[in-house]
Amino acid sequence: MLTDLTLSQAQDQLRSGAITSVELTQAYLDRIQAVDPQVRAYLTVTAEQALDMAAQADRRRQDGDNSPLLGIPLAIKDVLTTEGVPTTCGSRILEGFIPPYTGTAVQQLFDAGAVMLGKTNLDEFAMGSSTENSGYFTTRNPWDLDRVPGGSSGGSAAAVAARMAAGALGTDTGGSVRQPAALCGVSALKPSYGRVSRYGLIAFASSLDQIGVFGRSVSDLAVLMQTIAGHDPRDSTSMDYPVPDYTAALTGDVTGLRVGVPKEYFTEGIQPEVERAVRAAIQQFADLGADICEIGLPHTEYSLPVYYLIAPAEASANLARFDGVRYGPRHSQGAMWPTYKTTRGQGFGPEVKRRIMLGTYALSAGYYDAYYLKAQKVRTLIRQDFDQAFENVDVILAPTAPTTAFHIGEKTDDPLQMYLSDVFTLSASLAGIPGAVVPCGFDDNHLPVGLQIIGPAFGEATVLRAADAYQHVTDWHTRQPAL
Ligand code: GLN
């Protein structure tokens with residue numbers, strides 16, 4: 001099946017003329033029609049537009065264009081603005097909202113000739129770890145339809161896992177690219193803060209949000225990253241650093257690579273099969289000639305409380321703009337205040353309301369120093385843990401999530417349990433450093449496990465090199481769910 005090809009394999013076939021982008025895109029649309037009624041990865045499928053984009057890509061190819069993404073069908077998380085296409089953030093408060101512009105990263109993919117298949121489901125405003133907080137429906141894990149795909153970018157991860165897209169964009173604030181990648185058995189990368197423009201990413205927590213990529217192999221991630229990385233004058237937090245050649249960085253060689261294994265990431269609460277798979281992956285790196293050593297990241301235990309102060313605080317400010325005046329549906333009550341109240345009361349779901357309340361409290365006069373400022377100070381300590389570690393190691397290997405995919409409904413009544421599924425991803429977000437995920441095995445229920453590879457700020461090339469080298473000697477990433 002055409003949809004079984006990785007991005008790079010599909011590109012080879014497109015280049016050789018064996019297939020056209022219209023054929024490839026139609027194959028994906030057929031696959032979506034066949035499988036998505038069960039998985040429910042997409043909020044919107046833009047079939048007509050996709051075929052138009054594909055036809056345009058085929059014309060560009062006839063004119064001699066050979067760009068690596070030309071004609072490749074991708075899925076876009078519905079928190080990234082797309083001109084003329086509904087963008088809901090998984091929230092009822094943006095139901096029917098059609099943005100007047102396309103954000104930078106998505107536009108860069110379009111300029112490179114990629115085809116958008118549609119917009120994927122997520123936890124409302126990217127707040128969650130299971131897509132169960134979506135205001136529309138829950139996406140299902142392609143490996144077991146009774147389980148969650150992870151979140152918040154669960155739709156993007158499930159779409160790639162179920163062969164409903166060749167690759168996808170997601171966003172990661174505290175783990176939303178990495179955790180669903182692990183739970184769905186796909187490869188992914190959350191880049192450093194500032195590596196990819198956030199222009200057109202509807203903000204959740206501005207000091208943490210970052211766009212990331214999903215694919216079926218690390219070499220596919222390298223191609224996607226190459227297109228979206230770099231400085232953007234429209235995002236003052238995007239850094240003007242040179243973008244390395246990520247594909248050229250994939251040498252397959254990790255001899256002498258210094259690998260740190262943080263003891264704080266192998267604590268109680270981790271599912272034994274997850275630990276076993278991750279430790280086996282670490283052994284594989286040793287077999288490949290990497291130097292493994294144990295390291296300490298002593299402030300890891302504070303990541304969760306720190307994140308759940310900073311992220312809600314920033315969210316409470318960012319979400320103030322959704323009041324029914326400028327965006328989305330308005331529940332008019334005549335006067336202004338009751339209109340705000342009803343619009344926000346009906347438009348936001350319970351988790352978003354919880355975060356707004358937590359964040360508003362943490363920022364309120366008299367509490368700011370005790371909560372927000374204190375959290376920022378501890379955040380610095382967490383970052384310094386990594387700075388120190390990276391004086392002695394090149395990458396850090398760790399689990400991505402403490403468990404494999406959990407059952408739908410299992411954690412919805414207990415927000416703290418839900419928050420705990422991000423314990424291993426929050427630190428890298430707080431430190432602003434890159435983290436990749438590669439499939440590294442299965443548990444006894446045949447659910448995928450993901451290895452996390454963390455690097456220093458702007459060390460994406462090294463992270464990808466390590467991740468790719470692992471995929472040279474393993475085939476976990478080639479397994480696919482039976483659907
Ligand atoms: N699951 C975490 C949260 O609920 C992280 C979400 C994210 O990275 N967007 O906030």
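When reading the values below, keep in mind they use all heavy atoms of this one structure, side chains included, and skip hydrogens, waters and symmetry mates. Counting starts at 1 for both ligands and their atoms, following the listed order.
Contacts with ligand 1 closer than 4.0 Å are made by no heavy atom of F125, backbone or side chain. Under 4.0 Å from ligand 1, not a single heavy atom of R178 appears. Residue-level proximity to ligand 1 for Y307 is carried by the side chain, the only part with a heavy atom below 4.0 angstrom.
Within ligand 1, the atoms closer than 4.0 Å to a non-hydrogen atom of S152 are 9 (N), numbered from 1 in the order shown. Listed by number with element, the atoms of ligand 1 under 4.0 angstrom from any heavy atom of A126 are 6 (C), 7 (C), 9 (N). For ligand 1, the atoms lying closer than 4.0 Å to a non-hydrogen atom of F204 are 9 (N), 10 (O).
Checked against the 6.0 Å centroid threshold, Y199 and Y101 count as a close aromatic pair.
Geometric assessment of R279 against the ring of F266 yields a positive cation-pi assignment under the 6.0 Å and 45° thresholds.
Residue-to-ligand polar distances keep M127 apart from ligand 1: every N/O pair is separated by 3.5 Å or more. Here's the thing with S129: one of its N/O atoms is less than 3.5 angstrom from an N/O atom of ligand 1.
Under the 4.5 Å side-chain criterion, counting only non-hydrogen atoms from C-beta, F97 is not in contact with C89. Residues H477 and V438 fail the side-chain proximity criterion, which asks for heavy atoms closer than 4.5 Å.
Across A401 and V274, no two heavy atoms sit closer than the pair O-CG1, 3.6 Å. The minimum heavy-atom distance linking V395 with F390 is given by the pair CA-CE2, 4.0 Å.
The backbone N or O of V79 sits nowhere less than 3.5 Å from a side-chain atom of K119 that would complete a donor-acceptor pair. Side-chain N or O atoms of R344 include none that pairs as donor or acceptor with a backbone N or O of D323 at under 3.5 Å.
Distances from ligand 1 to the non-hydrogen atoms of R355 include at least one value under 4.0 Å. The closest approach between a heavy atom of G128 and any atom of ligand 1 is below 4.0 Å.
Of the protein's non-hydrogen atoms, the one nearest atom 3 (C) of ligand 1 is Y308 OH, 3.3 Å.
F125 and F322 have tilted rings, their planes meeting at an angle from 30° to 60° on a 0 to 90° scale.
Among S130, G174, S176, the residue whose heavy atom lies nearest to atom 6 (C) of ligand 1 is S176. Closest heavy-atom approach to atom 2 (C) of ligand 1 among the candidates D422, T171, N133, D123: D422.
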